[in-house]
*Asks:* 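Here it is, the structure in full.
For this chain, numbers begin at 1 and follow the sequence in order.
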Amino acid sequence: MATQIFTLVGVLIGALTSYFATTVAERAKFRRAMATRWDERKLDTYIEYLTCVKQIQRAAMAAGRAREQGMDASEALAAMEESENRRSILFETFVLLSNEKAATAAHTVNQRTWDLLRTARIPSSGTAELRPIPLVEALNVLHEAARSDLTISSGVSVR
């Protein structure tokens, strides 16, 4: 009788150990899957946000060039405003998904973007007034913060 009890206790301990080991492994697998899903979402949001900022910059410069050549800048300004509307919406998602360092860098990019927008909206502004705005430098800081947040190692910066 005692042998059967020891055997039964051994089977019970083995079953519980197997259950707990499987539970721990499944939880770890779930956490990895969720982290991967959020990292993918983060990357997509970062790319969309940065794309909007670059589109704003290109449209502002196009408006400046058009004015310098005596042409109508309204089409470029409309594209700039459309990209600004998208950027402002994407920024909310950006802040929700990013870490503090990336969010702070994005706030700086917003400030530089608003400086660019404000200057581009002035009817007499050309490319000379737009170039000194340090948007590219702010973008470089944001790129580095985003790489850090996504645990991507690289020393490459855009100039």
*Asks:* For Ser88 and Asn85, indicate whether the former's side chain and the latter's backbone hold a donor-acceptor pair under 3.5 Å.
*Replies:* yes
*Asks:* Do Arg112 side-chain atoms and Ile133 backbone N/O form a donor-acceptor pair below 3.5 Å?
*Replies:*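 Answer holds: no.
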*Asks:* Using the rule that two of Ile, Leu, Val, Met, Phe, Trp, Tyr join whenever any of their side-chain heavy atoms come within less than 4.5 Å, decide whether Ile47 and Leu139 are in one cluster.
*Replies:* yes
*Asks:* Using the ring-ring contact (aromatic ring centres under 6.0 Å, His included) criterion, which residues pair with Phe94? Sequence neighbours excluded.
*Replies:* Tyr46, Tyr49
*Asks:* So, the side chain of Glu68 versus the backbone of Thr127: is there a donor-acceptor pair under 3.5 Å, distance only?
*Replies:*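 Side chain of Glu68 to backbone of Thr127, a donor-acceptor pair under 3.5 Å: yes, one is there.
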*Asks:* Taking Thr119 for its side chain and Asp115 for its backbone only, find out whether a donor-acceptor pair lies under 3.5 Å.
*Replies:*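 Yes, Thr119 side chain to Asp115 backbone: donor-acceptor pair under 3.5 Å.
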*Asks:* So which heavy atom on Leu77 is nearest to which on Ala63, and how close?
*Replies:*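 Looking at all heavy atoms of both residues, the closest pair is CD2-CB, 3.8 Å.
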*Asks:* With rounding to the nearest 0.5 Å, note down the distance linking CZ in Arg118 to OG1 in Thr113.
*Replies:*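 Nearest 0.5 Å value for the CZ-OG1 distance: 11.0 Å.
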*Asks:* With rounding to the nearest 0.5 Å, note down the distance linking CE in Met61 to CG in Leu116.
*Replies:* 8.0 Å
*Asks:* Which pair of heavy atoms, one from Glu129 and one from Gly126, lies closest together, and at what distance?
*Replies:* OE1-N, 2.6 Å
*Asks:* How far does CG of Asp149 sit from NZ of Lys42, to the nearest 0.5 angstrom?
*Replies:*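 Here the interatomic distance stands at 3.5 Å.
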*Asks:* Do other residues, nucleotides or ligands put more than 12 heavy atoms under 6.0 Å from Glu75 CD?
*Replies:*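 Check fails, neighbour count at 12 or below.
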*Asks:* Of the non-hydrogen atoms in Thr108 and Ala138, which two are nearest, and what is the gap between them?
*Replies:*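 Smallest interatomic distance, heavy atoms only, reads CG2-CB, 4.1 Å.
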*Asks:* Do Leu142 and Leu150 belong together in a cluster built from hydrophobic side chains that touch within less than 4.5 Å?
*Replies:* yes
*Asks:* For a quick test of reading the model, state the closest non-hydrogen atom pair linking Ser98 to Ala102 and the distance between them.
*Replies:* CB-CB, 3.8 Å
*Asks:* Identify whether the distance between the nearest side-chain nitrogen and carboxylate oxygen of Arg121 and Glu81 falls below 4.0 Å.
*Replies:* yes
*Asks:* Sub-3.5 Å donor-acceptor pair from the side chain of Arg87 to the main-chain atoms of Val53, do we have one?
*Replies:* no
*Asks:* Between Glu48 and Thr45, is there a donor-acceptor pair closer than 3.5 Å when you use the side chain of the first and the backbone of the second?
*Replies:*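 Answer holds: no.
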*Asks:* Check the surroundings of atom CD in Glu82: do more than 12 heavy atoms from other residues, nucleotides or ligands lie under 6.0 Å from it?
*Replies:*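 For Glu82, atom CD is not crowded (no more than 12 foreign heavy atoms under 6.0 Å).
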*Asks:* So, taking the atom named CZ in Arg86 and the one named OG1 in Thr51, what distance separates them when rounded to the nearest 0.5 Å?
*Replies:*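 The CZ atom of Arg86 sits 7.5 Å away from the OG1 atom of Thr51.
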*Asks:* Please report the closest heavy-atom contact between Cys52 and Leu90, naming both atoms and the distance.
*Replies:*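 For Cys52 and Leu90, the tightest heavy-atom pair comes out as SG-CD1, 3.7 Å.
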*Asks:* Could you see if Trp114 belongs to whatever hydrophobic cluster contains Ile56? Use Ile, Leu, Val, Met, Phe, Trp, Tyr and a side-chain cutoff under 4.5 Å.
*Replies:*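 Looking at the clustering, Ile56 is in the same group as Trp114.
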*Asks:* Please report the shortest heavy-atom distance between Met80 and Ala60, naming the atom on each side.
*Replies:*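 For Met80 and Ala60, the tightest heavy-atom pair comes out as SD-CB, 3.8 Å.
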*Asks:* Rounded at 0.5 Å granularity, tell me how far NE2 in His107 sits from CD in Gln111.
*Replies:*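 If we round to the nearest 0.5 Å, His107:NE2 and Gln111:CD are 9.0 Å apart.
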*Asks:* Closer than 3.5 angstrom, by distance alone: can the side chain of Ser18 be matched with the main-chain N or O of Gly14 as a donor-acceptor pair?
*Replies:*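 Here the side-chain-to-backbone pair does not exist.
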*Asks:* What distance do Asp44 atom CG and Thr93 atom OG1 have between them, rounded to the nearest 0.5 Å?
*Replies:* 11.5 Å
*Asks:* When you group the ILVMFWY residues by side-chain heavy-atom contacts below 4.5 Å and let the links chain together, are Val141 and Val95 in the same group?
*Replies:*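 No, because Val95 and Val141 fall into different hydrophobic clusters, even though each may have its own neighbours under 4.5 Å.
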